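All figures in this text were calculated on a predicted structure; none of them were measured in a lab.
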Amino acid sequence: MTDNWDFYALRVDGEPASIFVDLGVQADAPLSTHTQMAYVRLHMNRPRPDGLSSKEEFDALIEVEKAIEANLCDDDIAYVGRNTSGGCRDFYFYAVSSTDWQRRVERTLAPFKHYRYETGSREDATWSTYFKFLLPGELDRQRIENRRVCDALERHGDKLTAEREIDHWCYFRSEEAADAFIAEVSALGFLVRSRPVSDQGALRFGARIWRTDVPSYSNIDDVTLPLFEAALRLGGQYDGWECPVEA
């Protein structure tokens with residue numbers, strides 16, 4: 001496991017879901033030694049009506065997760081993420097071997113007799129569960145990055161309520177693509193700050209644009225995602241945003 005974990009909301013089988021995943025392990029995955037995907041499905045006792053976890057059960061679920069990490073995770077078993085939906089919390093692992101998995105889970109969850117659970121394992125050398133289910137897609141990853149920037153602003157005393165100029169960076173393969181992007185987002189009220197050109201990589205032609213907005217958790221996705229999608233349509237890449245701290 002790494003220290004780079006984060007969460008995002010989505011829908012799984014048509015129901016609201018929340019995934020908490022180790023983003024950092026992606027750089028090394030799949031581990032050739034850890035070819036067994038193992039899981040524990042815990043049936044929550046007091047889920048919300050929509051199937052997600054409730055405040056009332058928060059502490060109890062944290063205790064279960066601490067026990068799982070302490071007793072199931074070692075050099076041979078990596079905890080990579082969890083999904084909460086449909087009244088269940090599913091914990092996912094990759095292991096060198098699943099021979100002793102069932103017994104270890106039974107021993108770990110023995111103190112939690114008030115919880116029902118299921119467990120199992122299967123061969124997954126390509127880590128398909130991690131890559132195709134747990135990892136966020138491009139839009140969800142951008143939402144995560146937006147939240148992280150808001151977190152950083154808050155840590156510096158920003159109340160995230162004041163309007164201010166927010167700068168955004170996008171890069172493209174050609175000057176024409178950058179021109180098309182600027183024309184499209186100008187209709188949304190964005191202005192050009194600069195046109196940086198890089199001498200590295202294929203995405204050489206930049207567009208640094210800005211608009212006055214509020215960088216709040218509830219607002220920033222609506223600001224950035226249209227830029228993200230416009231850049232993607234033109235073969236480019238949205239490369240993030242920044243703004244001054246307003247204490």
Side-chain angles (χ1 to χ4, degrees), residues 1-2 4-26 29-30 34-73 77-95 98 100-148 217-218 221 225:
M1 293 193 303
T2 73
N4 185 12
W5 285 68
D6 220 314
F7 67 91
Y8 65 102
L10 70 164
R11 299 188 76 83
V12 174
D13 296 330
E15 297 186 25
S18 176
I19 285 181
F20 185 55
V21 59
D22 185 348
L23 299 170
V25 76
Q26 181 181 3
H34 292 60
T35 61
Q36 298 293 313
M37 189 282 291
Y39 70 90
V40 176
R41 165 164 287 187
L42 191 78
H43 293 265
M44 294 184 290
N45 290 325
R46 303 180 68 184
R48 294 181 352 189
D50 62 3
L52 296 177
S53 58
S54 65
K55 292 180 180 179
E56 294 78 8
E57 200 172 4
F58 177 83
D59 290 338
L61 292 173
I62 291 299
E63 286 303 309
V64 173
E65 187 163 17
K66 286 181 178 178
I68 284 175
E69 290 189 59
N71 294 289
L72 296 181
C73 299
I77 301 176
Y79 175 39
V80 296
R82 70 171 194 239
N83 171 62
T84 305
S85 64
C88 294
R89 176 157 286 180
D90 299 333
F91 302 90
Y92 294 94
F93 309 80
Y94 279 92
S98 59
D100 203 31
W101 177 254
Q102 181 82 28
R103 186 184 64 82
R104 290 184 65 173
V105 172
E106 291 174 354
R107 186 173 58 196
T108 296
L109 296 183
F112 304 97
K113 298 184 184 302
H114 53 296
Y115 276 111
R116 290 189 302 116
Y117 70 89
E118 292 111 37
T119 186
S121 62
R122 65 175 176 83
E123 179 78 15
D124 185 13
T126 62
W127 285 38
S128 63
T129 296
Y130 176 76
F131 283 107
K132 296 182 180 180
F133 177 59
L134 291 172
L135 275 186
E138 292 180 326
L139 282 176
D140 285 320
R141 194 176 289 269
Q142 184 57 49
R143 292 185 179 98
I144 289 172
E145 293 303 321
N146 289 342
R147 189 174 63 245
R148 287 180 170 185
Y217 292 104
S218 60
D221 288 347
L225 295 187

Pairwise side-chain contact, Gln36 with Glu123, heavy-atom cut-off 4.5 Å (strictly under): yes

Approximate separation, where rounding is to 0.5 Å, of Asp221 CG and Asn146 CG: 5.0 Å

For the student: nearest non-hydrogen atoms of Cys73 and Arg104, plus distance: N-NH2, 4.5 Å

Heavy-atom side-chain proximity of Ile68 to Leu42 below 4.5 angstrom: no

Minimum heavy-atom distance Ala67-Thr108, with the two atoms named: O-CG2, 3.6 Å

By side chain to side chain donor-acceptor pair (under 3.5 Å) - contacts of Asn71 (at least two apart): none

Contacts of type salt bridge (charged side-chain N to carboxylate O under 4.0 Å, His left out), residue Arg11, not counting sequence neighbours: none

Pairs meeting criterion salt bridge (Lys or Arg N to Asp or Glu O under 4.0 Å) with involvement of residues 35-44, two or more places apart: Arg41-Asp90

Residues which pass side-chain contact (heavy atoms from CB on, under 4.5 Å) with Ala17, listed by chain and number, not counting sequence neighbours: Leu10, Val12, Asn83, Ser85

Sequence-distant partners of Arg116, side-chain contact (heavy atoms from CB on, under 4.5 Å), two or more places apart: His43, Glu118

Test log, rule side-chain hydrogen bond (donor to acceptor under 3.5 Å, both in side chains), inputs Gln102 and Glu106: CA-CA 6 Å; Gln102 181 82 28; Glu106 291 174 354; 3.1 Å; yes

Rounded distance (nearest 0.5 Å) linking atom CG of Leu52 with atom CZ of Arg89: 9.0 Å

Pro136: side-chain contact (heavy atoms from CB on, under 4.5 Å) partners, not counting sequence neighbours: Tyr8, Val21, Leu23, Asp140, Arg141, Ile144

Tyr117 side chain near Val105 side chain, heavy-atom distance below 4.5 Å: yes

Check: Tyr130 side chain, Gln26 main-chain N or O, donor-acceptor pair, under 3.5 Å: yes

Closest contact, heavy atoms only, Ser98 versus Ser121: CB-OG, 3.3 Å

Side chain to side chain contact (heavy atoms under 4.5 Å, CB included) evaluation trace for Trp127 with Val80: CA-CA 10 Å; Trp127 285 38; Val80 296; 4.0 Å; yes

side-chain hydrogen bond (donor to acceptor under 3.5 Å, both in side chains) partners of residues 15-25, not counting sequence neighbours, each pair once: Thr2-Asp22

Counterpart residues, ring pair (Phe, Tyr, Trp, His ring centres under 6.0 Å), relative to Trp101 (two or more places apart): Phe93

Side-chain donor-acceptor distances from residues 56-65 under 3.5 Å, at least two apart:
from	atom 1	to	atom 2	distance (Å)
Glu56	OE1	Ser54	OG	3.4
Glu57	OE1	Asn45	N	3.4
Glu57	OE1	Arg46	N	2.8
Glu57	OE2	Asn45	N	2.8
Glu57	OE2	Tyr115	OH	2.6
Glu65	OE1	Arg82	NH1	2.6
Glu65	OE2	Tyr79	OH	2.6
Glu65	OE2	Arg82	NH1	3.0

Leu225 and Arg143, any side-chain heavy atoms less than 4.5 Å apart: yes

Side chain to side chain donor-acceptor pair (under 3.5 Å) partners for Tyr94, two or more places apart: Asp124

Arg107: partners by side chain to side chain donor-acceptor pair (under 3.5 Å), with sequence neighbours left out: none

Counterpart residues, ring pair (Phe, Tyr, Trp, His ring centres under 6.0 Å), relative to Phe20 (two or more places apart): Trp5

Pairing of Lys66 and Glu69 as salt bridge, 4.0 angstrom limit: no

